[in-house]
Amino acid sequence: MSSAVIAAVSSLPSTSYHHPIATPPSSSTKLNPYLPLPQASGSTTVLYTNTTFLPSVPSASLRRTVIHVIGAEEVVTPRAAKSLSLISRSAQEAYDHSLLALRLAQDEEALIYHFIATGLDGSVQEIEDAKSWLSEPLGSPNPANGNVEGDEVDELLSAYEAVSLALLKLTRRAQRPFIHHKADSSKLIVNFLPSSVEADNVIDIVLAVPAPKEKLRSSLSGVQEVVVVEGGNGKYGSGWASVVDALEGSDVNIRSVLVGGNTSSSEISSSLNSSTQIIRLGKPAVRSIPSNSVAIPSPETSYTSLLASSPTPLEILNDPAHLAANESTSPLYAFGKAVALRKERARLIELAKKVLKAADTRKEVHEALSAWLLVRDESGAVAAGQKVAEVIGAGASNDEKELTQIGIKGHWEKRALWIVISNSWAVDLASSGLHHALASGLDINLLVYETASSPFSPNAPAQPPKERKKDLGLYALNMGDVYVASVAIYADYAGVINAMREAESYSGPGLVLAYLPWGEKEDGQSISQQEKAGPLERLRETKRAVSGGWWPMFRWNPSLADDKRFILDSSYIKAALSEFLDRESHLSQLTLSQPSIDASVTSSAGSDLVAARKEKARKAYDALLNSLDGPGLLVLYASDGGNAEKVAKRLVGRAKMRGVGAALRVLDEIAPSIVDSLSEEKNVLILTSTAGQGEAPQNGREFYKALSKLSASDKLAETKVTVFGMGDSHYWPRPEDASYYNKPAKDIFPRVLGLGCAELCPLGLGDDSDPDGYMTGYKPFEASLWRALGVDSVEVVEEKEETVANEHIKIASDYLRGTILEGLEDKTTGAIGASDAQLTKFHGTYMQDDRDIRESLKAQGLEPAYSFMIRCRMPGGVCTADQWLQIDRISDEHGNGTFKLTTRQTFQFHGIIKSHLKPAMQAINKSLLDTIAACGDVNRNVQLTVNPAYSKTHEAVYNFSKAVSEHLLPSTNAYHEIWLDKKKVYGDATQAFSADNEPLYGPYYLPRKFKIAIAVPPDNAADVFTNDVGFIAIVENDEVIGYNVSVGGGMGVTHGNKKTYPRLGDVLGFLSPEDGCKVAESIMLVQRDYGNRQDRKNARLKYTVDRLGVAKFKSLVEERWGKKFGEERPYHFDTNLDRYGWAQGHDGKWHFTMFIENGRVEDSSRHQFKSGLQEIAKVHKGTFRLTANQHLILSDVASEDLEDIKRLLAKWGLDNIDHSGVRLSSSACVAFPTCGLAMAESERYLPLLIDKVEKICEEAGVRNDDLVMRMTGCPNGCARPWAAEVAFVGKAPGAYMMMLGGNHNGTRLNKPFIESATEPEILAVLKPMIKRWALERNDGERFGDWTIRAGYIKPTTHGTNFWEHGFPSAQQAIQAVTA
C-alpha cells in the first residue's frame, strides 16, 4: 500500500498504534507484538498490522477497535464475539472501508478486521470533515427499523447496511457486501482472497464475516457449481463454511480452493476448471514473528546487564534475541519452556543415578558420572559432563545414550532460568505465567518491572490498582516458599546485585520486583509537559518513591534461619521504624508506676512555661501597636530558589521597624479568592522571581492562572498595589527571548490594576546582571514604597545582621563549640541549628538535604531528608591501602554506599544521617585520618601535584604539604571534645576564652576559606594559581631548592554580581623550603587582619590583594615574616591534566594513574570502581594517591607484584583508559541532589553531555585530543571551571553559563561566552567550533587558545577584567548557536 493511501487512512480520527510493519503511519504509536492493544477511552482504537503479526493480537476481549491488516494475503476470522471483517482491493475502497469500519466499531462496540490487499496505489478522494460524520446521527433508516430481533450477527448486518447507506449519501460511492462481476456461466466463483481472481462470473467478497447469506442466494440464477476461493491451510476454509451455510438447500455443487503461500494467479485460474472437490495450492503459510521485531526499551538494560554479568550460567527464557522464529516472548510460554528444561535436567540426574546403580556399568563411566554428580551444580559441571560423554561414547545401553543426548543439549551445567515480565514487550495477561511459576515450586526466577511513577511525583498519572506490580511482592510473600525481593537500581545498585544472586542461589521459585520509573520510554521521550525521560529523572523519581515508602526495598529468603529471612534495605523505612521503636520505649517509660524523671525537669518546667507565655504576650502586644499606629501592608511572594522569599521576609522586618503593620503570605495562598483577599487590604506588595521561559515560580502559578480569568471589581477601589520583579536580563541570549525577562512581574502588575486596584508605587524590576545584582533596582523601589506608605521620614537604625552573621556565630561559638553536642542529641529532627550548621563546617562536615525529594516531602508535610557531607583532611591526597579499605567501609556503614575523590585531593562522604555523624567521625579518626579544617573559614586541605615520574621530589613536596597543613591547623579542643568524647581542658564555663585559645586564628578565625596548593613544574594538575596561596617547587638536580610563592587565586563568583570574579594568583617571589610554613602563616595573618568581614562575597584573599595592591600586600607579608622574598625563579607549566597509565619512578616502583569519572567511587552500570578498588586494596602493599582532577594513582607497586595488580585492574575494567580526550580531561562537582548551593546538575549530568560531545569530536577527527571541560552546579567553582578551556556553570535546572578561552596549563582564565545555554544550544555552539578547530588549528594549538585566535572570545588577562567583553551574545554567540 502506498504512503499516500496510508496517510489518507491514518488521517481519520482515532487513537492509533502500529506493529513493526514496513511503512507505519507517522501519527501512530509503536506496539510490540504479543502485547494487548490498549483500549482508548472515548475514542476508537486502531491498530495497523500485517499477516505476520496478526496472530499475536489477543483479540477475544477487544471492543470498539479497528485492525487494519496491510498487505493481506488471506482473511482470518476474528475471535471476538461481536466482530466483522472487511476486504479492500483498491485504494479508494481502503479509505471508504476504513471510514465505515470506524463508524461500525464506534456505534456497535465491535471489533472490525479490515484486510487491505497488497500493492494498492492510486488517488483517494477524502471527505472534508470525517470527525463530524463519525459523531453525528446517521440520518439513514435501519433496514430492520431499529428493532432487530435476533443474534448479534443479524444486528451487525443491519448496522453495516445502515452505515453503508449513510456513507453512500456522503460520498456518492456505494458500499456493497460483495461486488458481482456477472457473466453468462453456470459456474460462480466466490472470491474471499484480498487479491483479484482472473475468471468469469466472479463475486469479490467485501463483507467476509459475517457473510451476507441472503444476497449470496440471490446470485445463484443459472448456476450449477460454486467455487469458493480463499486463503488458508486447514481442511476447510471459513469462507467455504459460510457459503455452504448460506446456500443450504440449493441444488448446486460447492467446491473449495484453498490458496497457500507462493501461489501464482495462473495456478488459481487452472484450479477453477478442475473437477476435484477440494484443492490445496501452494505451501502452507508459516506465520512466525521474527525475534528482532520485538523492541526492548533501552532503560531495561540497566537491570538485564546485571543479569548477564552473573557468575553462574543463566538463560532469559523470553529474551527476543535468543528465541526461535516460532517462539513467543509471553511469560506463560516462557514458563512452559522452563518446565520442560527443568524436567529434562531432572531426567538427566535420574538417568545418571540409574546408570551408576546398573550392574553392567563400566568402571570409567561410573567414575566420570560420580565426578559429574558431585559438581553438577558448580562451575566445573560442563567439563565433568563432557568427560562423561567422552567415556560413554556410543553408549552401551539405552539409558546411557539418552543420558548423553540430554547432556549435549546443554544440561550438564545447571542454568539459572529467568523470565522477564515487562509492560513494553512481555506482558503477563492476568498474571497467569507469574502465578504458575511461583506455585510450581520449580527453580525459576522472575524479573518484574514496575514502571509507574510514585504518587509523590509531579508527573504522576493515576495508576489503576490492577496494574500495580509492587503488590505482587505481597502475593508472593504469602506463599512462604518463594524468594522475594523488591529492588531499585537508582537507589541501591548493590542491593540489586545481591537480590539477583540470592534468587539464583535459592533452589525454588524467585520473584525480583525491579523499580524502573518510565522504563517503557526511551531517553528524551516526554513524561510530562516539562520533563523528559532520562537517567536523572529516573533517579529523582526513584528517590521520591523510596523515601516516601511507596517502593519498599526488601529481600525475603526462605532458605535462611527464621530471624534472618527478612532483610529491610530501605534506609528511610528503617529510620522511621527505629524512630517508632524509640518512641514506643519512651511511652513505656511513661507508663511506669514510678517513672525516673530528673528533679531538674519538674522544677524548671513551670518557670519555662511562664516565660514562654510572657514572650508570646509581648509579641502579640507589639503586633497590636503596629497595626494601630501604622499603615497596613500585605507582602505576597512567589519564589523558586528562595531568593525572592528572603527579600520579602527582610522587607516585612524593615516595614515593622517603621511602624507598618506588615504581614507575609505566599502568592498562591490567595489564588482561590484573589478579589476577596485583596479587598481586605489597604496596601499590597507582590514580589516575584522569574522561572523557566518567563514563567511564574511554582508557588505563584495558580495565582498567575487565576488572575487572567478575573474581571474588574468595585471591591478593589480602596486597595493599592505595587509589584517588584526579580530576573536576569542576560539569562536568555537570543534577542527574540528578551520578553522573558521579569515577565511574571510585568504581566501581573497591569492585570491587578485592571481589576480595579490603585497603584501604590511604580513597578520595580531587579536585574541580576546589574553591577549590584537585583539590589540596583530594589533600593530605589523600596525608597518609593516607604514614601507611598508615608513612613519615609521615620528614622530607623537598621542592623546589618545578615552580612556579619557568620562573624557573630564564630565569636559566640566558644572556639567552634557552639551547641553542636546538644544538636546531635536532639532526636526530634534530622537537622541541627542554623548556627551550628555554620560551625560544623570547621569540623569538616556540611548539613545538606536530598533536593531530589525535597518538594515531595514538603507536600507530605515532612521535613527535608537531612543528611551530612563529611570531608577528610588528607594533605597531598596520600593514603595507605588499609585506610582506603576503612574509608570504603565507612561509606557503606554510615553513608550512601559511595564516596567522592574531590578536586582538593581528599575523600568526601554523602548521605550520612545525624545519628551516624558522630560514629562516622570516630571511624575516620580510627583510620588515622581526620576532618578538622577540611571546610570552614580556616586553611583547608593542602593539595599538591602528584606525578609518579618525579618520585624523588614528590617525597619532599609531600612532606612540605604535611608540614604546612599541620602548622596552620586550628588549636581548639572543640573537635576532640565533640567527636572523640574528650573532656574540656578547663572546668569553668566562664573561662572559655582564657583557657582555650587560637594563637594563629584568634576567636574570629578567617573572613573566608583559605586554600593552599603546591605544584612541581612542568605539571600543574593542582591548578596552583587558582588557590589563595601557591607554592611552585623549583627543582635542580632532583632536589627541591625552594618555592616561588603566588597569592590571590580564587574561583568563587556570584551570578550577576560583577564585583565578584575569579582570579589567578600573582607570584610574590622565591623562598627556601624552611621558610615555607612561616610565609604561609604570614600570608594567612594578613588576610585575617585585612580581609573583608562585612561582605562574605568579597571576603576571599583575592579581593584583599586587589584592594591593597600586590606591592602593599607583599610588604605586609614580609613585615610579619621578618624576611624579604627573593627574585622569582624561572619555571614553566605544560599541562594541568593527569598522565594516565603506568609509569616507573626513580626508585623502581610502578605507579598506575586510572580514570575515575568525576571522582565518584561507586558500582554502577557504567563502572565497578568500588568493588574493584576494594579487592585491589586488600592485596596492595603501596599507597593510593588522589589527584586534583578527581582521579586515582595506584602507587608504589613493586615489580614482583606488578602482574597481580595488572590482573586485578583488568578484571574490574580499571585499566581502561581508552576514553576520549574530552572525557579524560573533564571534572565536575557534586551539585544535585545533596549540595545546597547547586542551581543545576553537574556530576550526574556531565557524563551524559560528554557522550554527545564525544560524537562531535569523533566526527571532527579529534577524539583523542585533550579538551579541558569542567562543570559546576553553582558559581562557587569547586571543580575550578573558570580555568578550563570550556566550562559550564549552573544557573538554573538545565541552564548553564558557558565559558571559553581558558588554556591547558592553568595559567589563563576563560571568559563568559553565553549567559544561559541549554543542552541543544551548547551542542549547537560546540559542533561548528570543534570542526573549525580540527581544520584550522596550528600544530599543537589547543582548543582554548584557538577560540581566542578565531575571534570567538577575548583573552582574560586578569581576574578584574573577567567580565569585560564577556557574553558576545548579540552577534557571535547567536551566530554560533544558529550555525
Side-chain angles (χ1 to χ4, degrees), residues 297 299-312 314 316 416 418-424 426 428 434 437-438 444-454 468-477 482-506 508-520 535 538-560 564-575 852-853 892 896-898 911 1162-1166 1168 1170-1171:
E300 291 187 10
T301 58
S302 56
Y303 283 99
T304 52
S305 61
L306 290 185
L307 276 183
S309 66
S310 171
T312 58
L314 65 81
I316 301 177
W418 284 87
I419 300 172
V420 176
I421 298 178
S422 165
N423 282 346
S424 299
D428 191 10
L434 181 137
L438 298 184
I444 305 169
N445 300 309
L446 294 100
L447 177 64
V448 181
Y449 292 119
E450 173 62 277
T451 59
S453 54
S454 73
R468 207 161 51 208
K469 303 293 191 301
K470 66 191 289 285
D471 295 340
L472 296 175
L474 296 175
Y475 168 73
L477 283 170
V482 176
Y483 177 88
V484 186
S486 178
V487 298
I489 197 166
Y490 285 100
D492 186 1
Y493 182 86
V496 178
I497 297 175
N498 290 337
M500 288 178 173
R501 300 298 89 88
E502 288 174 1
E504 291 168 358
S505 301
Y506 178 64
L511 172 65
V512 178
L513 298 169
Y515 190 51
L516 188 65
W518 305 297
E520 74 282 3
R538 291 190 181 94
L539 172 63
R540 292 191 188 101
E541 188 55 37
T542 300
K543 284 191 170 183
R544 294 187 194 106
V546 172
S547 64
W550 183 81
W551 186 261
M553 295 192 297
F554 63 85
R555 285 171 285 150
W556 165 262
N557 192 342
S559 65
L560 299 179
K564 296 181 179 178
R565 288 184 176 180
F566 186 80
I567 301 171
L568 183 62
D569 293 324
S570 294
S571 58
Y572 293 97
I573 299 178
K574 275 183 179 178
D852 282 344
I853 57 175
D892 287 334
N896 62 1
T898 73
E1162 63 177 347
D1163 289 338
S1164 70
S1165 55
R1166 295 172 72 108
Q1168 298 286 300
K1170 195 164 187 291
S1171 296

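Since the structure is predicted, the reported quantities are computational estimates derived from the model, not experimental observations.
A distance of 6.5 Å separates CG of Leu472 from CG of Leu511, quoted to the nearest 0.5 Å. To the nearest 0.5 Å, atom CG of residue Asn498 and atom CZ of residue Arg555 are 5.0 Å apart. Rounding to the nearest 0.5 angstrom, the gap separating the CZ atom in Arg544 from the CG atom in Leu539 is 10.0 Å. Atoms CD and CD1, from Glu450 and Ile421 in turn, are 12.5 Å apart once rounded to the nearest 0.5 Å. The OG1 atom of Thr451 sits 8.5 Å away from atom CD of Glu300, with the distance rounded to the nearest 0.5 Å. Ser505 contributes atom OG, which lies 8.5 Å from atom CG of Asn557 (distance to the nearest 0.5 angstrom).
For the pair Trp518 and Ser453, the tightest heavy-atom approach, listed with the atom from each and the gap, is CZ2-CB, 3.7 Å. Here the shortest heavy-atom pairing between Ala514 and Leu447 reads CB-CD1, 3.8 Å. Across Val482 and Trp556, no two heavy atoms sit closer than the pair O-CD1, 3.1 Å. Nearest approach of Ser486 to Pro552, heavy atoms of both residues: OG-O, 2.6 Å. The two atoms that bring Asp1163 and Lys1170 nearest to each other are OD1-N, 3.2 Å, heavy atoms only. Looking at every heavy atom in both residues, Val420 comes nearest to Ala426 through O-CB, 3.4 Å.
A donor-acceptor pair under 3.5 Å is formed between the side chain of Arg565 and the backbone N or O of Leu560. Under the 3.5 Å distance criterion, the side-chain polar atoms of Ser302 are matched with a main-chain donor or acceptor of Pro299. Not a single donor-acceptor pair under 3.5 Å links the side chain of Glu1162 to the backbone N or O of Thr898. Looking only at distances, a side-chain donor or acceptor of Asp428 sits under 3.5 Å from a matching main-chain atom of Leu434. Judged purely by atom type and a 3.5 angstrom limit, Tyr303 uses its side chain to pair as donor or acceptor with the backbone of Ile489.
Put simply, the side chain of Val546 does not reach to within 4.5 Å of the side chain of Tyr490, judged on heavy atoms. Contact annotation: the side chain of Glu504 approaches that of Thr312 to within less than 4.5 Å [non-hydrogen atoms, C-beta and beyond]. Two residues are said to be in side-chain contact when any heavy atoms from C-beta on lie closer than 4.5 Å; Phe554 and Val484 meet this criterion.
The aromatic ring centres of Tyr515 and Trp550 sit less than 6.0 Å apart.
A donor-acceptor contact closer than 3.5 angstrom links the side chains of Tyr493 and Gln1168.
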*side chain to side chain contact (heavy atoms under 4.5 Å, CB included) between Lys469 and Tyr449, intermediate numbers included*: CA-CA 7 Å; Lys469 303 293 191 301; Tyr449 292 119; over 6 Å; no

*Glu541/Arg538 under salt bridge (Lys or Arg N to Asp or Glu O under 4.0 Å): CA gap, chis, key distance, verdict*: CA-CA 5 Å; Glu541 188 55 37; Arg538 291 190 181 94; over 6 Å; no

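Considering Leu568, Asp492, Val487, Leu513 in turn, Asp492 is the only one that fulfils the side-chain contact (heavy atoms from CB on, under 4.5 Å) rule with Met553.
Using cut-offs of 30° and 60° on the angle between ring planes, the pair Tyr506 and Tyr483 is tilted.
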